[in-house]
Amino acid sequence: MPHPFHSATALAEHTDDTRTAMSSATIRRAFLDHVFYTQGKLPGHASENDLYQALAHTVRDRLVQRWISTAETYQAQPSRTVAYLSAEFLMGPHLGNNLVNLGIFDEVRAAMATLELDLDEILAQEEEPGLGNGGLGRLAACFMDSLSTLEIPAIGYGIRYEYGIFQQHIIDGMQVETTDTWLRRGNPWEIQRADCAVQVRLGGRTEHFTDDNGRYRVRWIPAKTVVGVPFDSPILGYRVNTVNTLRLWRAEATEAFDFGTFNRGDYLGAVSKKITSENLTKVLYPNDETQQGKELRLEQQYFFVACSLQDMLRLLEAHGIPVNRFHEKFAVQLNDTHPAIGIAELMRLLMDEHDLHWNEAWDITRRTFAYTNHTLLPEALEQWPIELFGRILPRHLEIIYEINSRFLDEVRVWFYGDDSRLARLSLINEHGERCVRMASLACVGSHTINGVAELHSQLIREDLLRDFHAMWPAKFTSITNGVTPRRWLALSNPRLTRLVTEAIGDGWIKDLDRLRALEPYADDPGFLAQWQAVRRENKRDLARLIHDCTGVVVDPASMVDAMVKRIHEYKRQHLAALHIIALYHHIKSDPHADVQPRTFLFAGKAAPGYHHAKLMIRFITSVAEVLHRDPQVRDRLKIVFLPNFNVTYGQKIYPAADLSEQISLAGKEASGTGNMKFAMNGAITIGTMDGANIELRDAIGADNFFSFGLNAADVQGLLSAGYHPADFYHGSPELRAVVDLIQHGFFSKGDTALFAPLFHGLLEHDPYLLMADFASYFQCQQQVSAAFADTVRWQRMSILSCSRSGRFSSDRAIREYCERVWHVERVPVSLLHRSSGHVQSTRVADQPLHAQANAASDSNRR
Ligand SMILES: *Cc1c(COP(=O)(O)O)cnc(C)c1O
């Protein structure tokens, strides 16, 4: 018999009008309720943050209704589910995005207006969850949006870092880091699920024994155990009822299990152990230029993967599916190698905890995982010293040795007598300190391996993972990255959204290829003028932001030339700086020179331990200061370094930029996604033939795209023929003038040593080929200036750039993963709602009411 509390009316009371209806009047009432009952304030005493929290809860109520409907549907129709494993999710603020996806932006704005409150001011209160470094974490966030929008059952699994990516301040032109205390005022989007907590073991040793059935077994006796507690956030799709879950794990101490310590009366000792356990999810590691074998980082990776796999096994059991069908229920995607330890962990769970034999466990494991590679830089590939690995994960090291031994037996047969190949393919790097190669583990344990742009996938096949490709060519595929048009257009560029929608309807928001319908408007003078007006307004907004953050005044009529991304030598912010210095030199040599006024906008964080990247920031800010001090120059060339680049600032910058700088050394950038956000918003790209730039140029047309420099093959050719950067210096008077100014200390108050580490190697080594690409870049920039001076031509290019960017929606990328990697299908969700006193759902209505209510409360407990 159903418990009275689980009855249909209990559910009905949670779906009544105030909690879920979307009219402006109801939203207003619900908001005032939350100010009073959730924030515990009279409206007259509510702070800005109270208003934000109350509105967030108002919107969350509407998500929860859909969330439970989704859980219900997935319960009733068990189907293959994507588990997206990522150490980073760079979500950005939730409130605005949820308003867009729910379709209640106008209603909420109107409701706030009746209370004389400004919605934009409330939105600005949200502290963004910066749980990622850059592109990789942002990709995971775009994918979550697309999975829900495409109604694919999915769970995002990651880490709930207490401190996200550090906050960057610029003091005396230098980066200074402070901690990101994003949880300080609470997080209204998460629900802690204490009932789904799991235990994770670390350290210790293993014992080998024969069980009662005479079978060889292994027991892991850990040195410590920590508890993983999930925090769930709802991820709503655009104008659908699907709300998938982002489940982030926080580490806590197993106080209750620490009887020994408490029995001995060592209270403070127990408390200090508690603190140690909680350190596990304390802070996100900023990715330095090389991967560093930090113990805590390996523990973080194992921790969230172990929690997530246990969670999947629990769901499997709840559905009554036996463990040997794990791969039928879950398609697990490894976002880079950070979660690759999952391969050894699933083997351990299946064998040691669920009694499967090696061959069956290995078959299930390989059918479960797929691996996305994100980097071509060999120094960034994760490797863990055997000593450290074995100390933290003794059982996993044994399993990896066994995987390796069986794998190398295969290799010996395949490549008879080729010992060097054996050494290259081994999961253990034997050069110097012995290390576990995580990318190799990911390759061996996955059914599919993908790169994130065509060129990147080609270089993986031919270079980075060529030996694996030679063994299993069919495992390799390419899926070009994408970005969600909901956040990166509809939310961040409302003016352009309105203009485009008036012209071609709003179908493009869910089907970005439909932007193609804009093309005829590129020749419509009236539309061109409106397009330019929108972009000018966006530039005014950005100028205001820059003024508020830096005090610098920007002229919205100047070209906004933007390079915003992590600071890294391979991305070559210093090449952009060389161009600026060349223009400066040009004006100083000929004050009447015709130089197109530009605002050079730089933003991006440098990893705190990456000395050269920090020096690049100092170099850019030093050049900025010289330009600013020079009255002949300052109104024509201006450099702004906007501190603390994040998603929130990105949402202001991508829609306002005229020129998008994508100038990495060809063969280094895996894909890039900033390039896509700029292009969608109508910025024109200047870029090398690297990553997804190549595909962007193909889509937009070479006439509407400024490409320059060596391509990846040229780079390899030049390096193998012997690169002599000094030849380029001596061959170009412009380049010589620029390099001489720097070397003579012109930008460092005469200090010739300050920037030497960045530039003294330029004439001898120049590993990122700045000298080789400078002339081509400079010349290409002159063409950019000429094009910008022709307003009609520029606006036309801008419209075409936007209209042809449809392929770079993350919806397209997710469709490709679904068809080619995950083999999952959409499961539409209909809303549970109350109608004349009964809970109804068009899809789940075939069940008796009390069963629905029970299922709903089950999913609550889950
Ligand atoms: C898109 C994005 C990135 C990635 O930019 P790239 O230009 O592709 O390197 C990094 N950080 C943030 C905040 C972003 O929104």
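- Considering only heavy atoms from C-beta on, Gln65 stays 4.5 Å or farther from Leu832 through its side chain.
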Practice prompt. Apply the test side chain to side chain contact (heavy atoms under 4.5 Å, CB included) to residues Asn324 and Leu350: give CA-CA distance (whole Å), side-chain angles for both, the deciding distance (0.1 Å), then the verdict.
Written response: CA-CA 8 Å; Asn324 63 359; Leu350 294 177; over 6 Å; no
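- Across Phe369 and Gly445, no two heavy atoms sit closer than the pair CB-O, 3.8 Å.
- For Glu127 (side chain) and Gly186 (main-chain N/O), no donor-acceptor pair under 3.5 Å exists by modelled atom type.
- Side-chain atoms of Gln167 and Asn644 form a donor-acceptor pair, as typed in the model, at a separation below 3.5 Å.
- Note that CG of Leu397 is 12.0 Å distant from CD of Glu402, once rounded to the nearest 0.5 Å.
- Glu190 and His94 share no side-chain donor-acceptor pair at under 3.5 Å.
- Residues Val436 and Ile428 form a side-chain contact, since some pair of their non-hydrogen atoms from C-beta on lies under 4.5 Å apart.
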Worksheet entry | Test side-chain hydrogen bond (donor to acceptor under 3.5 Å, both in side chains) applied to His823 and Glu328, step by step | CA-CA 10 Å; His823 307 289; Glu328 294 174 25; over 6 Å; no
Item to complete: Could you walk me through whether Lys282 and Glu278 pass the salt bridge (Lys or Arg N to Asp or Glu O under 4.0 Å) test, one step at a time?
Response: CA-CA 7 Å; Lys282 194 62 81 183; Glu278 289 171 359; 5.6 Å; no
Worksheet item: What do the steps show when you test Trp822 against Tyr817 for ring pair (Phe, Tyr, Trp, His ring centres under 6.0 Å), and what is the final call?
Response: CA-CA 6 Å; Trp822 300 330; Tyr817 280 97; 5.0 Å; yes
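- Arg217 and Asp355 get closest at one heavy-atom pair: NH2-OD1, 2.6 Å.
- Pairing each heavy atom of Ala606 with each of Arg566, the nearest pair is C-NH2, 4.1 Å.
- Side-chain atoms of Asn244 and Tyr74 include a donor-acceptor pair closer than 3.5 Å.
- Taking the side chain as every heavy atom from C-beta outward, Leu280 and Leu202 approach each other to under 4.5 Å.
- Summarising the geometry, atom CG belonging to Asn97 is positioned 8.5 Å from atom CG belonging to Leu236; distances are rounded to the nearest 0.5 Å.
- Within the 4.5 Å cutoff, side-chain heavy atoms of Val226 are placed close to those of Phe303.
- Side-chain atoms of Asn241 and Thr70 include no donor-acceptor pair closer than 3.5 Å.
- Between the Glu128 side chain and the Val647 main chain, a donor and an acceptor come within less than 3.5 Å of each other.
- For the atom pair OH (Tyr161) and OH (Tyr285), the distance works out to 10.0 Å, reported to the nearest 0.5 Å.
- Taking the ring axis of Phe166 as reference, the NZ or CZ atom of Lys605 stays within 45° of it and closer than 6.0 Å to the ring centre.
- The structure places CZ of Phe407 at 6.5 Å from CG of Leu427, a figure rounded to the nearest 0.5 Å.
- The closest side-chain donor-acceptor pair between Thr181 and Arg184 falls under 3.5 angstrom.
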Practice prompt. Apply side chain to side chain contact (heavy atoms under 4.5 Å, CB included) to the pair Leu381 and Thr375, showing each step before the final yes or no.
Written response: CA-CA 7 Å; Leu381 288 181; Thr375 182; 4.0 Å; yes
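- In the model, Tyr371 has a side-chain atom that pairs as donor or acceptor with a side-chain atom of Asn373 under 3.5 Å.
- Checking Leu349, Leu346, Ile364, Leu356 one by one against Val323, the side chain to side chain contact (heavy atoms under 4.5 Å, CB included) holds for a single residue, Leu356.
- Looking at Asn335 and Thr372, their side chains never bring a donor and an acceptor atom within 3.5 Å of each other.
- Between Leu139 and Phe89 the shortest side-chain heavy-atom distance does not fall below 4.5 Å.
- Side-chain N/O atoms of Asp61 and His34 include a donor and acceptor closer than 3.5 Å.
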Worksheet item: Can Arg314 and Glu317 be said to form a salt bridge (Lys or Arg N to Asp or Glu O under 4.0 Å), step by step?
Response: CA-CA 5 Å; Arg314 184 185 52 75; Glu317 198 179 313; over 6 Å; no
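- A side-chain donor-acceptor contact under 3.5 Å links Asp50 and Ser47.
- Side-chain atoms of Asn429 and Arg434 form no donor-acceptor pair, as typed in the model, at a separation below 3.5 Å.
- Between the side chain of Arg487 and the backbone N or O of Met91 there is at least one donor-acceptor pair closer than 3.5 Å.
- The structure places SG of Cys142 at 9.5 Å from CD1 of Ile814, a figure rounded to the nearest 0.5 Å.
- A pairwise comparison of heavy atoms in Glu295 and Ile392 identifies CG-CD1, 3.2 Å as the closest pair.
- A donor-acceptor pair shorter than 3.5 Å cannot be found between the side chains of Thr281 and Trp249.
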Worksheet item: Given Trp362 and Ile343, is the side chain to side chain contact (heavy atoms under 4.5 Å, CB included) satisfied, shown in steps?
Response: CA-CA 9 Å; Trp362 186 235; Ile343 290 165; 4.1 Å; yes
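- The minimum heavy-atom distance between Ile235 and Met144, with the atom names listed, is CG2-O, 3.7 Å.
- Under the 4.5 Å side-chain criterion, counting only non-hydrogen atoms from C-beta, Ile159 is not in contact with Leu131.
- Cation-pi geometry between Arg247 and Tyr157 is not satisfied (NZ or CZ under 6.0 Å from the ring centre, within 45° of the ring normal).
- Within the cation-pi definition used here (under 6.0 Å to the ring centroid, within 45° of the axis), Arg193 qualifies as a partner of Trp67.
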Item to complete: Would you check, one step at a time, whether the test salt bridge (Lys or Arg N to Asp or Glu O under 4.0 Å) holds for Arg250 with Glu252?
Response: CA-CA 7 Å; Arg250 176 190 138 112; Glu252 290 183 3; 3.1 Å; yes
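- Listed for the Trp182 side chain is a donor-acceptor partner under 3.5 Å among the backbone atoms of Glu162.
- Taking 4.5 Å as the limit, some side-chain heavy atom of Asn404 sits within range of a side-chain heavy atom of Ser426.
- What you find for Val444 and Arg366 is that their closest heavy atoms are O-NE, 2.9 Å.
- There is a side-chain donor-acceptor pair under 3.5 Å between Thr178 and His169.
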Practice prompt. Check the pair Arg160, Glu88 against salt bridge (Lys or Arg N to Asp or Glu O under 4.0 Å), reporting the backbone distance first and the verdict last.
Written response: CA-CA 9 Å; Arg160 183 178 174 279; Glu88 304 187 5; over 6 Å; no
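- When each of Phe389, Trp220, Tyr401 is tested with His396 by the rule ring-ring contact (aromatic ring centres under 6.0 Å, His included), just one qualifies, namely Trp220.
- In this structure, a donor-acceptor pair under 3.5 Å is absent between the side chains of Gln53 and Gln39.
- Residues Gln301 and Glu382 bring a donor and an acceptor atom of their side chains to less than 3.5 Å of each other.
- Residues Arg219 and Thr206 are not in side-chain contact: their nearest non-hydrogen atoms beyond the backbone lie 4.5 Å or more apart.
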